[in-house]
There are 2 protein chains.
Amino acid sequence: MFTLAEENYLKAIYHLEKDSKVGVSTNAIAVKLNTQPSSVTDMVQKLANKKALSYQKYKGSLLTKEGKKIAANVIRKHRLWEVFLVEKLKFQWDEVHEIAEQLEHIKSEELIKRLDVFLDHPDFDPHGDPIPDENGIIKPTEKKLLSELQKDQRGICVGVKESSTQFLQYLDTRNIGIGTTIKVIDKEEFDDSMTIQVGETKLHITDKIANNLYINTH
Amino acid sequence: MFTLAEENYLKAIYHLEKDSKVGVSTNAIAVKLNTQPSSVTDMVQKLANKKALSYQKYKGSLLTKEGKKIAANVIRKHRLWEVFLVEKLKFQWDEVHEIAEQLEHIKSEELIKRLDVFLDHPDFDPHGDPIPDENGIIKPTEKKLLSELQKDQRGICVGVKESSTQFLQYLDTRNIGIGTTIKVIDKEEFDDSMTIQVGETKLHITDKIANNLYINTH
DNA sequence: TTATTAATTTAGATAAGCCTAAAAATAAAA
DNA sequence: TTTTATTTTTAGGCTTATCTAAATTAATAA
Ligand SMILES: [Mn+2]
Ligand SMILES: [Mn+2]
Ligand SMILES: [Mn+2]
Ligand SMILES: [Mn+2]
């Protein structure tokens, strides 16, 4: 059994591991969890004892198979609850993360099984993030950043990379959401800004925006 | 703000206070929460500092207005979640308590407000217990114990006093639930057992059963 | 009313999860 | 390859929520 704090560490390390094959640094974990590096050292040593990750002094941490499974399951719960909050309780997509941070730690296999059924086995959360299955498997999806699109290319917005309230509300006011069709009208090489078409309206966006929107071009 | 542990103490004291106007004894709280009396002393002193209850050495504890409000709100959340689990996720009524014990501590006013709407403002939980409103008010309901009924009286089962899995499953196998009409066919003075009619079938029950079923005779 | 028993509190520990400050190891720069 | 800077760990503390054992107070019985 893993405590709430332990689950949060595993989840953080899971997200940080994503790209790098090399050990996740103690400092990176500390930044992500808003704690001190010394606290992280304590905890990763504990998690190493519990076989949830492998850890070598000064070399960082890597989740074990077991650790990955725990982390993926917490993420599964987080995202299923977010779907529930948006689909059933009619929350906005920028309001659900904090609550899901709490709900993801509720312990009951049966609860999640039934929630999944109740929500009709959703594949993605309200931010377009994929929901791992019961075994922690995430099926890969076709998507690229809007910034990677060329002039005149079009696609459907399938997710956000950032999901801060600020960014989500920015998108809301511009009528951009999951499912929205976006076409690149023009790209400015100098500052990587672009003009896009959303519905009837043209919009000029900075690279920061274009780097945080996932698009499916198929 | 109150911690999970503090909320559990307040809830326990709230339930224990129900009848007695006198202070709730330290030992009673310890028994209810399955802790040692010394732990209770520590905690009630802390809660007294936080103005959630009044406490005098050797005299027990009594919730303040504030303490009662916190407790009632936790109970409100517990019962709303139980309704959700049974009505929406199709859990049995004997399966929901443990999960609700966790869910009751999720912190979000908005969540509960919306859950209440989603469930269509239920007045009672799956065990027939009343759900306090946003102000912690519980409207009094007409009910008496089945054991208080006289021969030939009839009524509708509106709640259970005990709600252990064992008892709830006992009722399930005998087709007794909230809403079931029960008629007293006969009462045995010697051991307080009774014969009751449930649907087409007659059933002989002990005083222990009759003392744990709430009946509305109107 | 005194002696005994029961209830309650205090004292002192422990584990989890965090912190600050100092020491040690590694990485980067000169 | 030294020196310097950065990262990471260790040492020592703190808070919350527990516990056990001992002391104290209240209740009950003789
Ligand atoms: Mn989220
Ligand atoms: Mn999300
Ligand atoms: Mn319950
Ligand atoms: Mn209930």
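A, B, ... follow the sequence lines: proteins, then strands. Residue 1 opens every chain.
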Exercise for the section: In plain terms, say whether E110(B) and R114(B) are close enough for a salt bridge, that is, a side-chain N and a carboxylate O under 4.0 Å apart. Expected result: yes
Practice task
Classify the angle between the aromatic ring planes of F118(B) and F84(B) as parallel (below 30°), tilted (30 to 60°) or perpendicular (above 60°).
Solution key: tilted
Problem - Integer-rounded Å distance: dA16(C) P and Y9(A) OH - result: 14 Å
Fill in the blank from the handout: Separation of dT26(C) atom P from Q56(A) atom CD, nearest Å, is 11 Å
Completion exercise
Between K187(B) and S147(B), the two heavy atoms sitting closest are NZ-O, 3.1 Å
Practice task
Could you check if a side-chain atom of E104(B) sits within less than 4.5 angstrom of a side-chain atom of E7(B), using non-hydrogen atoms only?
Solution key: no
Exercise for the section: Check the distance between dT15(D)'s C1' and N49(B)'s CG and give it to me in whole angstrom. Expected result: 15 Å
Practice task
For T206(A) and S193(A), indicate whether the former's side chain and the latter's backbone hold a donor-acceptor pair under 3.5 Å.
Solution key: no
Exercise for the section: Give a yes/no on whether any side-chain N or O of Q36(B) is located under 4.0 angstrom from OP1 or OP2 of dT18(D). Expected result: no
Problem - Spacing between K50(B) atom NZ and dT15(D) atom C1', to the nearest angstrom - result: 12 Å
At a cut-off of 3.5 Å, list every protein nitrogen or oxygen paired with a nitrogen or oxygen from nucleotides 10-12 of chain C, distance to 0.1 Å.
residue	atom	partner	partner atom	Å
dT10(C)	OP1	K57(B)	NZ	2.7
dT10(C)	OP2	Q45(B)	NE2	2.9

Handout entry: Gap between atoms CG and P, on L47(B) and dT16(D) respectively (whole Å)
Key = 12 Å
Handout entry: Side-chain N,O (Y58(A)) to OP1/OP2 (dT6(D)) below 4.0 Å
Key = no
Fill in the blank from the handout: In whole angstroms, the gap separating P of dA16(C) from CD of E7(A) amounts to 16 Å
Problem - Length of the CD1-C1' vector between I29(A) and dT7(D), whole Å - result: 13 Å
Practice task
Taking the side chain as every heavy atom from C-beta outward, state whether L213(B) and L171(B) have any pair of such atoms under 4.5 Å apart.
Solution key: yes
Practice task
Would you kindly compare K59(A) and A5(A) by the position of their nearest DNA chain C nucleotide and give the one closer to the 5′ end?
Solution key: A5(A)
Problem - Check: E82(B) side chain, A100(B) main-chain N or O, donor-acceptor pair, under 3.5 Å - result: no
Practice task
Would you kindly give the CD-to-P distance between E6(B) and dT15(D), to the nearest whole Å?
Solution key: 15 Å
